Amino acid sequence: MSEERSLNFIEEIVEEDIRNGKNDGRVLTRFPPEPNGYLHIGHAKSICLNFGLAQKYNGKTNLRFDDTNPSTEETEYVDSIKTDVKWLGFNWDKELYSSDYFDQLFDFAVALISKGLAYVDDSTAEEIAASKGTPTEPGKPTPNRDRSIEENLQLFNEMKDGVYPDGAKVLRAKIDLANSNMHLRDPLMYRIKWAHHHRTGDKWCIYPMYDFAHGQSDSIEEITHSICTLEFIPHRPLYEWFIDQLNIFPSKQYEFARLNMTYTVMSKRKLLQLVNEKHVTGWDDPRMPTISGLRRRGYTPLSIRNFCEKIGVAKRENIIDVSLLEFCIREDLNKSAWRRMAVLDPIKLVITNYPEGQTEILIGENNPEAEDGEGNRDIPFTNEMWIEREDFMEIPPKKFFRLGVGLSVRLKHAYIVKCDSFVKDESGNVTEIHCTYFPESKSGSDTSGISVKGTIHWVSAQNAKTAEIRLYDRLFKVEDLSIEEGDFKNYINQDSLQVIKNAFVEPDLLNALNQKSINEHIRYQFIRKGYFALDDDSTPENLVFNRIVTLKDAWTKK
RNA sequence: UGCCCGAUAGUAUAAAGGUAGUACGACUGUUUUUGGUGCAGUUUGUCCAGGUUCGAAUCCUGGUCGGGCAACCA
């Protein structure tokens, strides 16, 4: 057997279960989102874990919507969740809903009442909260705790039949009001909610609580490993209590630490707030940590799966540096993205010894990382160019490998040019750079003998196409939002979006829209500027590119 | 002053009583027609105090620190 990557603690549990022949070696996991928001990168961790486990151990994974609270859930979210899971590259075995089990769950509740293990309580929410005591003081029974089984049965049926208004009664498990675990102090099983459900419509006016739905749903599906996040640890005894009392399939719950990431938030509540209060343009704003946001930004499914692999799975609270996510997308795109040239902050460069009106077609390979370069594209070369303003300096510092009077650089895929002079306007801004080129220095057939330190990108001014380019920075100004005081919105980075309306791109990029229609090569590396993805806002008249991430830059750091 | 979970380089994650390793970050060199990539290297760590043991990141005891738990949310 060859050297294997070490297992995370859940894989160890699964392997041990398989060794022991538990569940006949069967592995069935589930990904159980509540359809009340869009999925984010933290969900991706859970998705990769659940589906990954199944793939690794010959099992299956169900997609189950935990839809027990009709007032927050919508079909829109169901659809987006399915889209995102598929996009990440996973296929579920069954698409299921907790609401599929409402009848069964009702019968389970009746069974518990019949065993004297559940009762209908007429107390208000406040009264119940008060009667539960505190972590250090035991709770006290409410007046209804000792109702007869018959009465409970009748009342519960009346709850279901719509006899009572919202909040009038609840069904509670009869466990232990003094338990040190607050979740065991007679937890609520059902509440009355006259709300329209996105799937069951108006059939029900009572809905099960999470604790009386999740474990039972796992059990009904015969889930072997029910994986959730750390905050559910105190629920586990309750999860097991219901399964024991009902004597149904013993699914087991395991908990891991959720993902946190620097410079962003990861709670649906906060993300919803950013959307509702228009701090971002929507759930799929490219600055959002949502799957749809990352997708629109240009992240690939592979890069996200690799990221989830690298961050590992453990029980320790963590905050992952967003630079690891950035590493993952660079790693993927460096190998696959086609190279193009784009000038974001243009300044004119004039080649004084190149014939005006002449156009030469140069060849550039699409992908230098591929053996065959994945083909070439034509790049027109003329006497006037757009180059990046930052690639010229009036007074260049030492080790500045770009342009300044007397300095030479190679124009990528083209010739070496030497800067002779520059032109300024009245206010002192440089408006033009004048160079001479060396005809023998043509890329690929250079016989000039000249060697230069720098190579810069450019676009022929006569042939350039304009494009809109959107540059994104971190959404928040601080690394770890969880340790900051006050409203998280105080830390929003107001400069997280920069729109460049008139960038110049090489003409071949007009093909980007066609490429997109065949779903290929919609992501590019703009040489020296980063990785970019064509945005859905693009039209043939106005191409829009999102910067996914910059290239690593060892120069500007200095 | 309850119960539960956790603690290994800056950030994560391994080492199941026997050499503290890996990735990202940072830094250095090298290659390069992208100051990218690649390649080579450097850097930084077991929360504390006791105990068990030939030997402890690992087991035990006590402490410290961080997190969670008292929604008719999930």
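Chain letters run A, B, ... following the sequence lines, proteins first and then strands; every chain starts at 1. Atom set for the values below is all heavy atoms of this structure, side chains included, hydrogens, waters and symmetry mates excluded. Values in this document were obtained by computation on a predicted structure and should not be read as measured data.
- The pair A/Asp508-A/Arg340 counts as a salt bridge, with a side-chain nitrogen and a carboxylate oxygen less than 4.0 angstrom apart.
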How does each nucleotide of nucleotides 37-46 of chain B score, in 5' to 3' order, for protein heavy atoms under 4.0 Å: base (B), sugar-phosphate only (S), or none (-)?
-> S---------
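- B/rG10 atom P lies 13 Å from atom CG of A/Asp321, rounded to whole Å.
- Taking atom C1' in both B/rG63 and B/rA20, the straight-line distance is 25 Å, to the nearest Å.
- Partners of A/Ser460 by side chain to side chain donor-acceptor pair (under 3.5 Å), not counting sequence neighbours, listed by chain and number: A/Thr382, A/Asn463.
- Spacing between B/rU64 and B/rA26 at atom C1', rounded to whole Å, works out to 31 Å.
- Straight-line distance from the CD1 atom of A/Ile527 to the C1' atom of B/rU32: 13 Å, rounded to whole Å.
- To the nearest whole angstrom, the two C1' atoms, one in B/rA14 and one in B/rU28, are 27 Å apart.
- Rounded to whole Å, the C1' atom of B/rC24 lies 33 Å from the corresponding atom of B/rC59.
- The residue among A/Lys412 and A/Gly312 whose nearest nucleotide of RNA chain B is located toward the 5' end is A/Gly312.
- Shown here are the salt bridge (Lys or Arg N to Asp or Glu O under 4.0 Å) partners of A/Glu221, two or more places apart in sequence or in another chain: A/Arg64.
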Step-by-step side-chain hydrogen bond (donor to acceptor under 3.5 Å, both in side chains) determination, A/Glu158 to A/Tyr164 = CA-CA 7 Å; A/Glu158 287 173 0; A/Tyr164 307 107; 2.3 Å; yes
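- Take A/Glu34 and apply the salt bridge (Lys or Arg N to Asp or Glu O under 4.0 Å) test, not counting sequence neighbours, and it matches no residue.
- Rounded to whole Å, atom P of B/rU32 lies 19 Å from atom CG of A/Leu551.
- Of the charged side-chain nitrogens involved, none lies within less than 4.0 Å of a carboxylate oxygen, so that A/Arg236 and A/Glu231 do not count as a salt-bridged pair.
- Within 4.0 Å (heavy atoms only), A/Gln525 reaches at least one base atom of the nucleic acid.
- Residue contacts for A/Gly444: at a heavy-atom cut-off of 4.0 Å it reaches a base atom on one of the strands shown.
- Mapped onto RNA chain B by nearest heavy atom, A/Ala314 and A/Gly454 fall at different nucleotides, with A/Ala314 at the one closer to the 5' end.
- If you take CD of A/Glu309 and C1' of B/rA12, they are 13 Å apart, rounded to a whole angstrom.
- The distance from atom CD1 of A/Ile311 to atom P of B/rA14 is 12 Å, rounded to the nearest whole Å.
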Nucleic acid footprint by protein, nucleotides 64-74 of chain B - heavy-atom cut-off 4.0 Å, B for base, S for sugar-phosphate alone | ---S-SBSBSB
Go ahead and write out RNA chain B as dot-bracket, 5' to 3': ( ) for pairs within the strand, [ ] for ones crossing earlier pairs, | when the partner sits on another strand, dots for unpaired; Watson-Crick or G-U wobble, both distances under 3.5 Å.
-> .((((((..((((....[..)))).(((((.......)))))....(((((..]....))))))))))).....
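- If you check every strand for non-hydrogen atoms under 4.0 Å, A/Ile416 touches nothing.
- Counting to the nearest Å, the C1' atom of B/rC5 and the CZ atom of A/Arg258 are 15 Å from each other.
- Taking atom P on both nucleotides, B/rC60 is separated from B/rA56 by 15 Å, rounded to a whole Å.
- Computed from coordinates, the A/Asp553 CG to B/rG25 P distance equals 14 Å when rounded to whole Å.
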All N/O pairs under 3.5 Å across the protein-nucleotides 20-22 of chain B interface:
none

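- The separation between A/Ile13 atom CD1 and B/rA16 atom P is 17 Å, rounded to whole Å.
- Here B/rG35 is the nucleotide among B/rU11, B/rU34, B/rG35 with the atom lying nearest to any side-chain atom of A/Phe400.
- Going from atom CG of A/Asn152 over to atom CD1 of A/Ile113 covers 6.0 Å, rounded to the nearest 0.5 Å.
- Listed by chain and residue number, A/Glu506 satisfy the salt bridge (Lys or Arg N to Asp or Glu O under 4.0 Å) test with A/Arg377 (two or more places apart in sequence, or in another chain).
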Yes or no on salt bridge (Lys or Arg N to Asp or Glu O under 4.0 Å) for A/Asp218 and A/Lys252, after CA distance, side-chain angles and deciding distance?
-> CA-CA 9 Å; A/Asp218 285 342; A/Lys252 291 290 177 189; over 6 Å; no
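- One C1' atom belongs to B/rC73, the other to B/rA15, and the distance between them is 40 Å to the nearest Å.
- Taking atom P in both B/rU32 and B/rG36, the straight-line distance is 13 Å, to the nearest Å.
- The residue A/Val313 sits close only to the backbone: its heavy atoms come under 4.0 Å of sugar-phosphate atoms, none of a base.
- When the ring pair (Phe, Tyr, Trp, His ring centres under 6.0 Å) test is applied to A/Phe392, the partners found at least two apart in sequence or on another chain are A/Phe422.
- Here A/Asp121 contributes atom CG and A/Met189 contributes atom CE; the two are 13.0 Å apart, rounded to the nearest 0.5 Å.
- With sequence neighbours left out, the ring pair (Phe, Tyr, Trp, His ring centres under 6.0 Å) criterion links A/Phe31 to no other residue.
- Take A/Phe232 and apply the ring pair (Phe, Tyr, Trp, His ring centres under 6.0 Å) test, not counting sequence neighbours, and it matches A/Tyr210, A/His235.
- Under a 3.5 Å cut-off, the side chain of A/Asn306 and the backbone N or O of A/Cys328 do not form any donor-acceptor pair.
- Side-chain atoms of A/Arg410 and base atoms of B/rU33 include a donor and an acceptor less than 3.5 Å apart.
- Under 3.5 Å, the side chain of A/Arg402 and the base of B/rG35 form at least one donor-acceptor pair of N or O atoms.
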Can you list the steps and then say if A/Arg402 with A/Glu388 is a side chain to side chain contact (heavy atoms under 4.5 Å, CB included)?
-> CA-CA 10 Å; A/Arg402 310 181 198 178; A/Glu388 214 68 62; over 6 Å; no
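- In this model, a side-chain donor or acceptor of A/Ser443 finds a partner on the base of B/rU33 within 3.5 Å.
- Annotation: B/rA23 and B/rU42 have their P atoms spaced 12 Å apart (nearest Å).
- Remark: A/Lys268 pairs with no residue by the salt bridge (Lys or Arg N to Asp or Glu O under 4.0 Å) rule, at least two apart or across chains.
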